[in-house]
Amino acid sequence: MRAQPKASHFIDGDYVEDTDGTPFESVYSLTGETIARLHEATPAIIERAMAAAARAQKEWATWAPVARARVLHKAAEIIRERNQALSELETLDTAKPLQETLVADATSGADAIEWFSSIAATMGGSSVPLGGDFVYTVREPLGVCVGIGAWNYPMQIACWKSAPALACGNAMVFKPSEMTPLTALKLAEIYMEAGAPKGLFNVVQGMGRTGAALTTHAATAKVSLTGSVQTGANVFKAAAGGMRHVTMELGGKSPILVFDDADLENAISGAILGNFYSAGQICSNGTRVFVQEGIKDRFLERLAERAATIRMGDPMDPAIHMGPLISKAQHEKVMGYIETGRSEGARLVCGGHVPTIEGFADAPFVAATVFADVTDDMTIAREEIFGPVMSVLTFETEAEAVARANGTPFGLAAGVFTSDVTRAHRVAGALDAGITWINTYNLTPVEAPFGGVKESGFGRENGHAAIEFYSQLKTIHVGLTPVESPY
Ligand code: NAP
């Protein structure tokens, strides 16, 4: 097994195994090869991880801010030094092409940890004069934070959650998706090498029930989940029991609006990357592309030409743009949606089939697929597919496009392509989304807050906004005059 870690879990500064846990495998979907065998966390493992985190958090909270910052900065440096190895591991675990993992996974994680190292060093409270007495506020850590990850960006998710958590003085117990358990363990090693106290960042493996046990553990102060809306609802409800803090990064069915005055090639670049990057397995993808009626034919023609240049194949080959999906189960789900699109009357413009890739006949590839003549009520326009399937819809007026774009319970992201600067800002303001891009799509720099509205989530990752979700304010009122008591 070419990616077998030393043990399944990483607790209190070291690898830990408990073979009483249910065994599970990490499979490289390109070949069907088992790359690692692990065990789900037993209750004893969960207890050990939570106890280690609680202990480490108390120590970490006493460190000078600059010392905490130094650890995070060093961790970011180590990640960058090891980017090649981490990216290859991420490619094995997710089957995403190396061309992507080299630039979008560990590096994005390093950016987050580096950025939050500055926050660790500089975060402070405020003082409020009261004309005599005064109040000052202190930003305190929450305690032990639980991070629960999805399988599409395992390393990035582990970093995006742990960076603000640790910067604010918390400890973390992280559970990766059972499909992609490997890179979070490497991150745990790196934090230790960078000088973090043992137990500050722990990884426990398992399925949904492990996540559920962590969510309701007595020592858990906060849960940050990246996953589907259904899981989000379950976790939110369970966390509410102990009035625990939450961040919910959930699914989407995001719209991209292309007006007839847009730079067409640029809009197609946005739509194509916003649907086919990571084989479409991205929460914020713009899977409903609303194109203004007059430019529909030209848009579809160029889109099909450009989609035909996507190179599919072995994700370890740096020239390959698109690998297989994460698993056979995901493949079945996506092919099912393509069938539904056809049967409900959408017109297939390109893709829609399983391409034959020499040497990998059984791999779960799906060709980049574009449906035209999609209507708002079709299943493919309403449900998150999480695969390389783009729906193109047409519209006539701005008001109509905005109303239809907002006609979904999701609200993660949105895009608008136009050369009319006034319209760009007006539409961006009117779209129900946590993030809206103008004349670009799916850029998520760590400096900018990221998160959804409506059913797509609660809370924000990245940027200064994340601090609000990983710390709490204490207000301290200083009396400078004697207490006035009438009795
Ligand atoms: P998922 O099935 O919801 O699982 C997400 C994580 O939650 C996994 O680690 C899962 O464990 C765990 N889990 C499941 N049930 C749980 C419970 N009751 N309590 C605690 N944890 C539980 O999502 P996925 O299939 O991994 O990922 C795809 C979804 O994530 C899509 O909907 C996508 O849009 C969303 N996503 C959102 C963002 C964002 O930033 N907004 C980013 C990436 C992905 P196991 O799977 O190991 O059983």
Side-chain angles (χ1 to χ4, degrees), residues 3-18 21 26 36 38-41 45-57 59-60 68 70-83 85-90 92-94 105-106 108-110 112-114 116-117 120 144-151 153-167 170-206 210-211 214 219-220 224 226:
Q4 183 65 33
K6 270 193 232 162
S8 301
H9 319 288
F10 195 102
I11 298 173
D12 213 6
D14 213 346
Y15 279 95
V16 178
E17 193 58 90
D18 182 348
S26 173
L38 299 100
H39 292 92
E40 188 175 16
I45 285 287
I46 290 174
E47 285 310 316
R48 255 172 99 168
M50 294 303 296
R55 215 169 36 241
Q57 193 272 323
E59 182 194 334
W60 181 242
R68 294 206 295 244
R70 205 173 295 132
V71 168
L72 296 179
H73 202 272
K74 181 75 189 161
E77 251 175 45
I78 302 174
I79 291 175
R80 289 213 179 85
E81 280 161 22
R82 297 191 192 155
N83 185 39
L86 289 168
S87 303
E88 286 172 12
L89 186 60
E90 197 73 311
L92 280 179
D93 224 3
T94 61
D105 291 79
S108 152
I113 296 172
E114 185 176 6
F116 280 103
S117 74
V144 177
C145 299
V146 164
I148 303 176
W151 44 259
Y153 276 77
M155 177 70 172
Q156 185 194 73
I157 290 170
C159 292
W160 282 18
K161 293 191 187 308
S162 59
L166 303 192
N170 305 286
M172 177 162 271
V173 176
F174 187 79
K175 187 203 86 69
S177 162
E178 117 243 2
M179 311 249 265
T180 53
L182 302 177
T183 41
L185 292 168
K186 294 291 177 198
L187 178 62
E189 281 181 30
I190 288 168
Y191 276 131
M192 290 305 113
E193 278 179 61
K198 289 178 179 179
L200 192 69
F201 180 78
N202 309 274
V203 177
V204 299
Q205 308 288 354
T210 308
L214 291 169
T220 300
S224 177
T226 297

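Here L185 contributes atom CG and H9 contributes atom NE2; the two are 9.0 Å apart, rounded to the nearest 0.5 Å. The CD1 atom of I79 sits 10.5 Å away from the CD atom of E81 when rounded to the nearest 0.5 Å. Distance check, rounded to the nearest 0.5 Å: CG of D105 to CG of N83 gives 9.0 Å.
What you find for A196 and V71 is that their closest heavy atoms are N-CG1, 3.6 Å. Considering all non-hydrogen atoms of both residues, T220 and L214 come closest at OG1-O, 2.7 Å. P154 approaches E90 most closely through the heavy-atom pair CD-OE2, 3.3 Å. For S117 against L72, the heavy-atom pair with the smallest separation is CB-CB, 3.6 Å. Of all non-hydrogen atoms in A56 and G199, the two that sit nearest each other are CB-C, 3.4 Å. Of all the heavy atoms in P5 and A36, the pair that sits closest is CD-CB, 3.9 Å.
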Between E189 and K6, does the salt bridge (Lys or Arg N to Asp or Glu O under 4.0 Å) criterion hold? Intermediate values first, please. CA-CA 11 Å; E189 281 181 30; K6 270 193 232 162; 5.6 Å; no
Tell me, with the steps shown, if F116 and S162 meet side-chain contact (heavy atoms from CB on, under 4.5 Å). CA-CA 10 Å; F116 280 103; S162 59; over 6 Å; no
Using side-chain contact (heavy atoms from CB on, under 4.5 Å), reason through T94 and W151 one step at a time and then give a plain yes or no. CA-CA 7 Å; T94 61; W151 44 259; over 6 Å; no
Walk me through it: do K186 and L182 pass the test side-chain contact (heavy atoms from CB on, under 4.5 Å)? CA-CA 7 Å; K186 294 291 177 198; L182 302 177; over 6 Å; no
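Each of T183, I190, L187 was compared with C159 under the side-chain contact (heavy atoms from CB on, under 4.5 Å) criterion, and only L187 meets it. Here the rule is ring-ring contact (aromatic ring centres under 6.0 Å, His included) with F10, and of Y191, Y15, F174 only Y15 fits it. Partner T210 forms a side chain to side chain donor-acceptor pair (under 3.5 Å) with one of K175, E178, E40 and no other, that one being E40.
One side chain, K161 or S224, offers a donor N or O that lies under 3.5 Å from an acceptor on the other.
No donor-acceptor distance shorter than 3.5 angstrom exists from the side chain of N202 to the backbone of I11, with no hydrogens or angles considered. No side-chain donor-acceptor contact under 3.5 Å links T226 to the backbone of A150. Using a distance-only test at 3.5 Å, with no hydrogens or angles considered, a donor-acceptor pair links the side chain of Q205 to the main chain of S8. A donor-acceptor distance shorter than 3.5 angstrom exists from the side chain of W60 to the backbone of L166, with no hydrogens or angles considered.
Contact check on E77 versus R80 returns no salt bridge, with no Lys/Arg side-chain nitrogen under 4.0 Å from an Asp/Glu carboxylate oxygen.
Residues M155 and D93 fail the side-chain proximity criterion, which asks for heavy atoms closer than 4.5 Å. Put simply, the side chain of V173 reaches to within 4.5 Å of the side chain of M50, judged on heavy atoms.
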